[in-house]
Amino acid sequence: MTIKVGDKLPHVTFTKPTEHGPEAVDSDSYFKGRKVALFSVPGAFTPTCSAKHLPGFVDKAAEFKAKGVDEIACTAVNDAFVLGAWSTSAAAGDKVTMLADGNAAFAEAVGLTMDGSKFGMGTRGQRFSMLVDDGVVTQLNIEGPGEFKVSSAEHMLESM
């Protein structure tokens, strides 16, 4: 079943790249008492994700903060090392936190997986964005296959 507005996020463990190596991140603790703009991409370094999706959130980080967002986070079915390298190459710095979902546990738990097998990618997370307030989804924007419209930073800001 796909998660919907008003649902509490399921409990999973993400992996965050840090300067000291991968760090486990408990989702319940991470989202508790905070407002987080979370977006999912099918994969780091893929064309739309690198040219539009991540850069949009990096560029609009101050606008999210001005609207009361405590943190912007990106998740993908990639390992923490890949997401760390992608963050560095995109100059995401402290503007976007990378949360690796290497085994697709989060994507599966929220019912938002996609089959990227024909591209050699296997199971991935769909492209989406959500606003999470104290662990509860308050905005959810799921893209259609091959689209990039409603999960963008611009759309999310307009909808807040």
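Since the model is a prediction, treat every value here as computed from it, not as a measurement.
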- Message: Let me check something: do I3 and V36 share a hydrophobic cluster, defined by ILVMFWY side-chain heavy atoms less than 4.5 Å apart, either directly or through other members?
- Response: yes
Name the atoms and distances for all side-chain donor-acceptor pairs under 3.5 Å in residues 45-55, with sequence neighbours left out.
from	atom 1	to	atom 2	distance (Å)
T46	OG1	G43	O	2.6
S50	OG	F45	N	3.4
S50	OG	T46	O	3.2
S50	OG	W86	NE1	2.9
H53	ND1	R127	NH1	2.9
H53	NE2	S151	O	3.0
H53	NE2	S151	OG	3.4

- Task: Compare every heavy atom of A109 with every heavy atom of V12, then report the nearest pair and how far apart it is.
- Result: CG1-CB, 4.1 Å
- Message: Main chain of V82, side chain of N78: is a donor-acceptor contact present, judged purely on distance under 3.5 Å?
- Response: no
- Message: Using side-chain contact (heavy atoms from CB on, under 4.5 Å), reason through L112 and T2 one step at a time and then give a plain yes or no.
- Response: CA-CA 6 Å; L112 292 169; T2 303; 3.6 Å; yes
- Query: When you look at F57 and F39, which way does the side-chain contact (heavy atoms from CB on, under 4.5 Å) test go after all the steps?
  - Reply: CA-CA 9 Å; F57 281 92; F39 67 102; 3.5 Å; yes
- Just by modelled atom types, is the L99 backbone N or O under 3.5 Å from a matching donor or acceptor in the T75 side chain? yes
- Where do D79 and A100 come nearest, in terms of heavy atoms and distance? C-CB, 3.7 Å
- Please confirm whether the backbone N or O of A37 pairs with a side-chain atom of E71, one donor and one acceptor, at under 3.5 Å? no
- The remaining residues in the hydrophobic cluster of V150, counting side-chain heavy-atom contacts under 4.5 Å among Ile, Leu, Val, Met, Phe, Trp and Tyr, are none
Donor-acceptor pairs under 3.5 Å, side chain of residues 133-142 to any protein atom, not counting sequence neighbours: which ones?
from	atom 1	to	atom 2	distance (Å)
D134	OD1	G33	N	2.6
T138	OG1	L131	O	3.3
Q139	OE1	N141	ND2	2.8
N141	ND2	S129	OG	2.9

- Note on the structure: Minimal heavy-atom distance between P10 and S27, with the atoms involved, is O-OG, 3.3 Å
- Message: Has K67 got a side-chain atom pairing as donor or acceptor with L157's backbone, closer than 3.5 angstrom?
- Response: yes
- Message: I need the minimum non-hydrogen distance between F64 and M156, along with the two atoms involved.
- Response: CE2-SD, 3.9 Å
- Message: Please find the pair of heavy atoms, one from T123 and one from A104, that lie closest to each other, and give the distance.
- Response: CG2-CB, 4.2 Å
- Message: Using a 6.0 Å distance limit plus a 45 degree cone around the ring axis, check whether R34 lies over the aromatic ring of F31.
- Response: no
- Message: If we ignore hydrogens and angles and just use 3.5 Å, is the side chain of S87 paired with the main-chain N or O of M98 as donor and acceptor?
- Response: no
- Item | Test item: D7 side-chain N/O and K4 main-chain N/O as donor-acceptor pair under 3.5 Å | yes
- Item | side-chain contact (heavy atoms from CB on, under 4.5 Å) between L9 and V132, worked out | CA-CA 8 Å; L9 285 183; V132 182; 3.7 Å; yes
- Task: Taking T15 for its side chain and P22 for its backbone only, find out whether a donor-acceptor pair lies under 3.5 Å.
- Result: no
- Message: M130 vs V5, test: side-chain contact (heavy atoms from CB on, under 4.5 Å). Steps then yes/no.
- Response: CA-CA 9 Å; M130 63 173 66; V5 170; over 6 Å; no
- Query: Looking at side-chain heavy atoms only, is the closest gap between E143 and K149 below 4.5 Å?
  - Reply: yes
- Heavy atoms only: give me the nearest A44-L83 pair and the separation to one decimal. CB-CD2, 3.9 Å
- Item | Whether S40 side chain and Q126 backbone form a donor-acceptor pair below 3.5 Å | yes
- Is D28 salt-bridged to K8, going by a charged N under 4.0 Å from an acidic O? yes
- Quick one: does S29's side chain have a donor or acceptor within less than 3.5 Å of a partner on V25's backbone? no
- Message: Please confirm whether the ring centroid of F106 lies under 6.0 Å from the ring centroid of F14.
- Response: yes
